[in-house]
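For reference, the structure discussed in these notes is given below.
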Amino acid sequence: MSRYSGSCLCTAVRFEIDAEFRRFYLCHCSYCRKDTGSAHAANLFAPGGSLTWLSGEDRVTRFTLPSTRHGKAFCSVCGSALPNLQMDGALLVVPAGSLDDEPSLRPTAHLFTASRASWDRDLADVPGFPGFPE
């Protein structure tokens, strides 16, 4: 297994993961768009992975949308998405942006593309800037 470290934006929460990521999905479902405020969620999946909170575990808040399997963990201070165990601990789900290390694989698929937001199309054609445009 590989070891990864991560934290939230305010660094109140720090963690380590021992895992072999099997999948890296970019999910465009309406739930993921709503809870990230973005075009998609970017989550890594590691069956049997382990999660150790190094600091701030008391600041981790969990939310599961009623009547769904959609759940997330986040920092109660800054709101950053954090790893969480699902399926009774059998599956570790890690928001890719929460890692301080580079994940071991690139995205493997876009999910729920039929739910993709209308503005999330042809993004390769949108101009890019190395920083904030002037």
message: I'd like to know if the side chain of Ser80 reaches the main chain of Cys75, judged simply by a donor and an acceptor atom lying under 3.5 Å from each other, with no hydrogens or angles considered.
response: no

query: Can you find a heavy atom in the side chain of Leu26 that is under 4.5 Å from one in the side chain of Leu111?
result: no

query: Sub-3.5 Å donor-acceptor pair from the side chain of Lys72 to the main-chain atoms of Asp35, do we have one?
result: yes

- request: Applying ring pair (Phe, Tyr, Trp, His ring centres under 6.0 Å), run through Tyr4 and Phe21 and close with a yes or a no.
  value: CA-CA 11 Å; Tyr4 300 90; Phe21 295 124; 4.9 Å; yes

Path from Trp53 to Leu44 over hydrophobic side-chain contacts below 4.5 Å: yes

- prompt: Less than 4.5 Å apart, any side-chain heavy atom of Arg14 and any of Ser55?
  reply: yes

- line: Nearest heavy-atom contact between Leu92 and Ser50 is CD2-O, 3.9 Å

message: With heavy-atom distances below 4.5 Å as the criterion, would you say the side chains of Ser5 and Leu99 are in contact?
response: no

query: CZ of Phe45: more than 12 outside heavy atoms within 6.0 angstrom?
result: yes

message: Tell me if the CZ atom of Arg69 is crowded by more than 12 foreign heavy atoms within 6.0 Å.
response: no

message: Any non-hydrogen side-chain atom of Phe15 less than 4.5 Å from a side-chain atom of Thr52?
response: no

- prompt: Hey, is CZ on Arg116 packed in by over 12 heavy atoms from elsewhere, all under 6.0 Å?
  reply: yes

query: Can you tell me how far the OG atom of Ser98 sits from the CG atom of Leu9, to the nearest 0.5 Å?
result: 12.0 Å

field: Distance-minimising heavy-atom pair for Leu123 and Asp120
entry: CD1-OD1, 3.0 Å

Close side-chain approach of Val60 and Val13, heavy atoms under 4.5 Å: yes

field: Distance-minimising heavy-atom pair for Val77 and Ala12
entry: CG2-CB, 4.4 Å

message: For a quick check under 3.5 Å, do His40 and His110 share a side-chain donor-acceptor pair by atom type?
response: no

- line: Rounded to the nearest 0.5 angstrom, the CG-CG distance for Leu85 and Leu91 is 8.5 Å

Exam field: side chain Glu20 to backbone Ala46, donor-acceptor pair closer than 3.5 Å: no

query: Transitively linked via ILVMFWY side-chain contacts under 4.5 Å: Tyr25 with Phe112?
result: yes

Minimum-distance pair of heavy atoms, taken over all atoms of Ser76 and Thr61: CB-OG1, 3.4 Å

message: Please give me the minimum heavy-atom distance between Cys78 and Cys10, naming the atom from each residue.
response: SG-N, 3.6 Å

- prompt: Does the side chain of Glu16 reach to within under 4.5 Å of the side chain of Leu54, using non-hydrogen atoms?
  reply: yes

field: Nearest heavy atoms of Leu82 and Cys8, plus distance in Å
entry: CD2-CB, 4.1 Å

- request: Check whether any side-chain heavy atom of Asn43 lies under 4.5 Å from a side-chain heavy atom of Val94, and answer yes or no.
  value: no

query: Among the clusters formed by ILVMFWY side chains lying less than 4.5 Å apart, do Val93 and Phe24 turn up in the same one?
result: no

- prompt: Quick check: does any side chain N or O of Arg33 sit under 3.5 Å from a backbone N or O of Ala41, one acting as donor and the other as acceptor?
  reply: no

query: Centroid-to-centroid, Phe63 to Phe74, below 6.0 Å?
result: no

